[in-house]
Q: 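Quick one: structure below, then a few questions.
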Protein chains: 2
Amino acid sequence: MSKYSINMNQDCRLCPFVSTAIEKLSDCQMQQLTDNHIVVSFKKGDPIIKQGTYSTNVIFLRSGLVKVHITGPYSEQIVKISKAPQYLGLPTTFGDAVNQYSITALDNCELCFIDNTTFRQLLKESEHFSYQIIQSLCRYEIESFRRCANRTQKLTRGNLADVLLDFANNIFQSDVFTIPISQVEIGNLIDTSRESVSRMLSEFEKDGIIRMTGKQMEIINKKSLELISQNG
Amino acid sequence: MSKYSINMNQDCRLCPFVSTAIEKLSDCQMQQLTDNHIVVSFKKGDPIIKQGTYSTNVIFLRSGLVKVHITGPYSEQIVKISKAPQYLGLPTTFGDAVNQYSITALDNCELCFIDNTTFRQLLKESEHFSYQIIQSLCRYEIESFRRCANRTQKLTRGNLADVLLDFANNIFQSDVFTIPISQVEIGNLIDTSRESVSRMLSEFEKDGIIRMTGKQMEIINKKSLELISQNG
DNA sequence: ATAATTTTGTGATGTTAATCACATTTCTTA
DNA sequence: TAAGAAATGTGATTAACATCACAAAATTAT
């Protein structure tokens with residue numbers, strides 16, 4: 001249902017979203033990147049990477065918000081919410097010919113699709129670039145261990161507090177924001193049912209910790225949320 | 001309590017455990033690796049990497065079995081059991097100056113400690129080597145997403161079945177083996193209490209799926225285990 | 001605008017597995 | 001080999017959530 005607007009051959013040197021990993025590339029390498037990518041706009045709900053399909057391009061998220069999700073044995077699990085600027089799905093692009101997880105736009109996104117061969121050429125030619133990529137892959141994995149430990153050990157209350165704190169502190173950098181996902185999705189993010197999410201949000205509101213008007217969220221008592229995050 | 005036996009300067013060309021990533025290195029690079037690593041023996045229970053300490057070396061597991069574990073908000077979580085030959089803790093070595101998780105020997109292990117600078121030099125000089133490392137980091141992360149989804153979505157029965165199947169199919173490649181971890185550790189691996197592990201193992205035994213004598217385990221009905229793995 | 005669809009709120013009930021308690025067995029080590 | 005420590009077995013009780021059921025609200029499509 002979506003029409004993707006496509007811009008060919010934007011100059012990466014002028015791109016305000018350009019990844020830090022790219023900064024050290026030579027002019028010639030930069031030109032190669034510029035010549036071998038296209039910029040595409042996606043709308044809320046559009047699939048960017050789809051689990052089970054062949055992975056074809058390296059994707060860089062210039063702007064917007066996405067969810068990384070995987071089909072588990074019984075239900076969909078949202079692994080994480082990621083915001084621009086960053087590469088998307090490097091592990092699934094280089095780790096397997098077939099995508100092992102999905103990425104979906106949560107709002108309007110601008111993405112660069114970079115030719116796989118070009119990207120590999122850059123890795124080959126720039127030691128700095130490939131080391132940056134290695135480092136970011138390493139950090140992703142550490143993060144993912146940490147997330148998994150939290151998710152499985154904390155009670156639902158604590159996990160929900162973490163989601164709200166993550167939105168406020170990392171994603172939106174404001175205590176007032178519009179929740180970009182449904183309560184079903186929050187459930188998928190913290191491995192609980194949507195009913196429990198609903199009940200607990202009501203509870204937070206009753207306790208004066210948050211104020212909600214539809215999707216509009218205001219964190220009133222962040223200290224309480226942090227305590228709940230720590231002590232379940 | 002352990003005495004590490006150390007061998008300096010083993011020739012990596014002669015090492016039967018040498019990582020596939022290394023195979024394409026030039027003789028000169030291989031010599032550099034040989035000159036800048038030491039081989040150390042660890043005993044069951046010895047810490048190899050300790051969360052919170054500085055990461056100093058790249059470690060290659062030549063032989064033996066280890067557990068990768070992380071201190072979660074309430075308890076220890078075993079992320080995975082890994083066997084030789086493979087690199088250990090690359091993510092925590094390159095992702096952060098301080099180790100973000102621990103690795104502990106589960107039996108007698110032989111490890112190569114490779115100088116960090118030497119390893120980075122190899123990454124820099126061999127495109128093939130660094131691409132191999134990138135690929136394996138990518139695969140680790142995909143695996144870790146999958147493990148987390150299984151752990152949080154499956155019931156304890158299914159997770160326990162998975163552990164037994166993993167030992168039989170991947171780690172020991174035999175349906176008869178000695179469980180290398182305690183029931184507490186099995187609990188830490190599948191996020192459940194040791195009591196539940198004990199009860200469920202008894203149940204498996206009662207149902208004629210396994211036979212246990214102390215740590216000695218025999219899988220009698222693998223089909224049943226696979227069904228339990230799938231259907232909880 | 002209005003119908004259709006999706007999302008959310010909330011009560012009642014049931015299940016899984018945690019926790020507590022204590023006995024028993026197995027492993028360590030002096 | 002005996003004593004101490006660690007690991008395991010098993011029952012009783014309880015807590016956290018899932019699930020079911022349905023109503024209400026909000027969003028989207030026609």
Side-chain angles (χ1 to χ4, degrees), chain A residues 1-2 43-46 72-78 104 106-107 150-161 163 178-207 210-217 228 231-232, chain B residues 1-2 43-46 67 72-78 104 106-107 151-161 163 178-207 210-217 228 231-232:
Chain A
M1 278 289 211
S2 63
K43 293 206 308 259
K44 183 185 168 85
D46 287 341
Y74 297 103
S75 63
E76 199 73 5
Q77 177 169 94
I78 298 182
T104 303
L106 290 179
D107 59 6
N150 282 335
R151 252 216 279 246
T152 49
Q153 289 180 21
K154 283 190 181 182
L155 298 183
T156 301
R157 269 172 74 77
N159 279 318
L160 184 57
V163 168
T178 305
I179 299 187
I181 54 178
S182 71
Q183 291 185 4
V184 173
E185 287 174 304
I186 296 177
N188 292 341
L189 188 53
I190 61 177
D191 297 299
T192 195
S193 65
R194 65 149 201 93
E195 291 94 330
S196 294
V197 172
S198 174
R199 271 186 260 270
M200 242 156 239
L201 284 175
S202 303
E203 208 181 297
F204 284 177
E205 191 158 33
K206 185 170 60 68
D207 295 348
I210 59 170
R211 192 168 9 243
M212 276 174 73
T213 320
K215 292 263 186 213
Q216 195 64 23
M217 166 74 59
I228 292 168
N231 309 317
Chain B
M1 278 291 211
S2 63
K43 294 206 309 262
K44 182 185 166 88
D46 287 340
K67 64 171 175 177
Y74 297 103
S75 64
E76 200 71 5
Q77 176 169 94
I78 298 182
T104 303
L106 290 180
D107 59 6
R151 253 217 279 246
T152 50
Q153 289 180 20
K154 283 190 181 184
L155 298 183
T156 302
R157 270 172 74 78
N159 279 319
L160 184 57
V163 168
T178 304
I179 299 187
I181 53 177
S182 71
Q183 291 186 4
V184 173
E185 288 174 304
I186 296 177
N188 293 342
L189 189 52
I190 62 177
D191 296 300
T192 195
S193 66
R194 64 145 202 96
E195 291 95 327
S196 295
V197 172
S198 174
R199 270 185 261 269
M200 242 156 239
L201 284 175
S202 304
E203 207 182 296
F204 284 177
E205 192 158 33
K206 186 170 59 68
D207 295 348
I210 60 172
R211 192 166 13 241
M212 276 174 74
T213 320
K215 292 263 185 212
Q216 196 62 24
M217 167 73 60
I228 291 169
N231 309 317

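Proteins come first, then strands; the chains are lettered A, B, ... in the order of their sequence lines, and each starts at number 1.
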Q: Could you tell me which non-hydrogen atom of B/Pro73 sits nearest to which non-hydrogen atom of A/Lys154, and how far apart they are?
A: CG-CG, 3.9 Å
Q: A/Leu155 has an atom CG; how far is it from atom P of C/dA17, in whole Å?
A: 16 Å
Q: Looking only at non-hydrogen atoms, find the nearest pair between A/Ile179 and A/Ile186 and report the distance.
A: CG2-CD1, 4.3 Å
Q: When all nucleic acid strands are considered with a 4.0 Å heavy-atom cut-off, which category describes B/Ser193: base, sugar-phosphate, or nothing?
A: base
Q: Who passes side-chain contact (heavy atoms from CB on, under 4.5 Å) against A/Ser202, sequence neighbours left out?
A: none
Q: At under 4.0 Å, does any side-chain N or O of A/Ser196 touch on OP1 or OP2 of D/dC17?
A: no
Q: Among the nucleotides C/dA21, D/dC17, C/dT8, which one has an atom lying closest to any side-chain atom of B/Glu195?
A: C/dA21
Q: For A/Arg157 and D/dA15, give me the distance from atom CZ to atom C1', rounded to whole Å.
A: 14 Å
Q: Please state how far atom CZ in A/Arg151 lies from atom C1' in D/dA16, giving the value in whole angstrom units.
A: 18 Å
Q: Among residues 199-206 of chain A, which contact DNA chain C at a heavy-atom distance under 4.0 Å?
A: A/Arg199, A/Ser202
Q: Give the minimum heavy-atom separation between A/Thr104 and A/Gly45, together with the two atoms involved.
A: CG2-O, 3.5 Å
Q: Without swapping roles, check the side chain of A/Arg151 against the backbone of A/Leu189 for a donor-acceptor pair under 3.5 Å.
A: yes
Q: Sequence neighbours left out, what passes side-chain contact (heavy atoms from CB on, under 4.5 Å) with B/Ser193? Give chain and number order.
A: B/Glu195, B/Ser196
Q: Give the angle between the helix axes at the two ends of the helix from C/dA1-D/dT30 to C/dA30-D/dT1, taking five base pairs at each end and rounding to 10°.
A: 60°
Q: So, the side chain of B/Glu76 versus the backbone of B/Asn188: is there a donor-acceptor pair under 3.5 Å, distance only?
A: no
Q: How long is the line joining CD1 of B/Ile190 and P of C/dT16, in whole Å?
A: 16 Å
Q: Is the closest side-chain donor-acceptor distance between B/Asp191 and B/Gln77 under 3.5 Å?
A: yes
Q: Hey, is the side chain of A/Thr192 poking within less than 4.0 Å of OP1 or OP2 on D/dA18, counting only N and O atoms?
A: yes
Q: Does a nitrogen or oxygen in the side chain of B/Gln183 sit under 4.0 Å from OP1 or OP2 of D/dA6?
A: no
Q: Which atoms form the tightest heavy-atom contact between B/Pro180 and B/Lys44, and what is the distance?
A: O-NZ, 3.9 Å
Q: Please determine whether a side-chain nitrogen or oxygen atom of A/Lys215 lies at a distance below 4.0 Å from atom OP1 or OP2 of D/dA26.
A: no
Q: Does B/Lys44 or B/Asp191 map to a spot on DNA chain C nearer the 5' end, using the closest nucleotide for each?
A: B/Asp191
Q: Of the listed nucleotides (C/dA18, D/dT19, D/dC22), which one gets closest to any side-chain atom of A/Arg194?
A: D/dC22
Q: Measure CD1/A/Ile181 against P/D/dA26 and give the value in whole Å, please.
A: 20 Å
Q: Just compare D/dC17, D/dT10, D/dT19 and give me whichever is closest to any side-chain atom of B/Ser198.
A: D/dT10
Q: Under a 3.5 Å distance rule, please check whether A/Glu205 uses its side chain to pair with a backbone N or O of A/Ile210 as donor and acceptor.
A: no
Q: For B/Asn159, which contact category applies under a 4.0 Å heavy-atom criterion: base, sugar-phosphate, or nothing?
A: nothing
Q: Please report, rounded to the nearest Å, how far the P atom of D/dA6 is from the CD1 atom of B/Ile186.
A: 19 Å
Q: Can you tell me the distance, in whole Å, between the CD atom of A/Gln153 and the C1' atom of C/dA17?
A: 16 Å
Q: Holding to side-chain contact (heavy atoms from CB on, under 4.5 Å), I want the full list of residues that pass it with B/Glu185, two or more places apart in sequence or in another chain.
A: B/Lys67, B/Ile78, B/Leu106, B/Ile181, B/Ser182
Q: For B/Lys43, does its backbone N or O pair with a side-chain atom of B/Asp46 as donor and acceptor, under 3.5 Å?
A: yes
Q: Rounding to an integer number of Å, can you tell me how far A/Ile228 CD1 sits from D/dA16 P?
A: 14 Å
Q: Give each protein N/O atom lying under 3.5 Å from an N/O atom of nucleotides 1-4 of chain C, with the pair distance.
A:
none

Q: Only one of A/Arg157, A/Met217, A/Met212 forms a side chain to side chain contact (heavy atoms under 4.5 Å, CB included) with A/Phe204, so which one is it?
A: A/Arg157
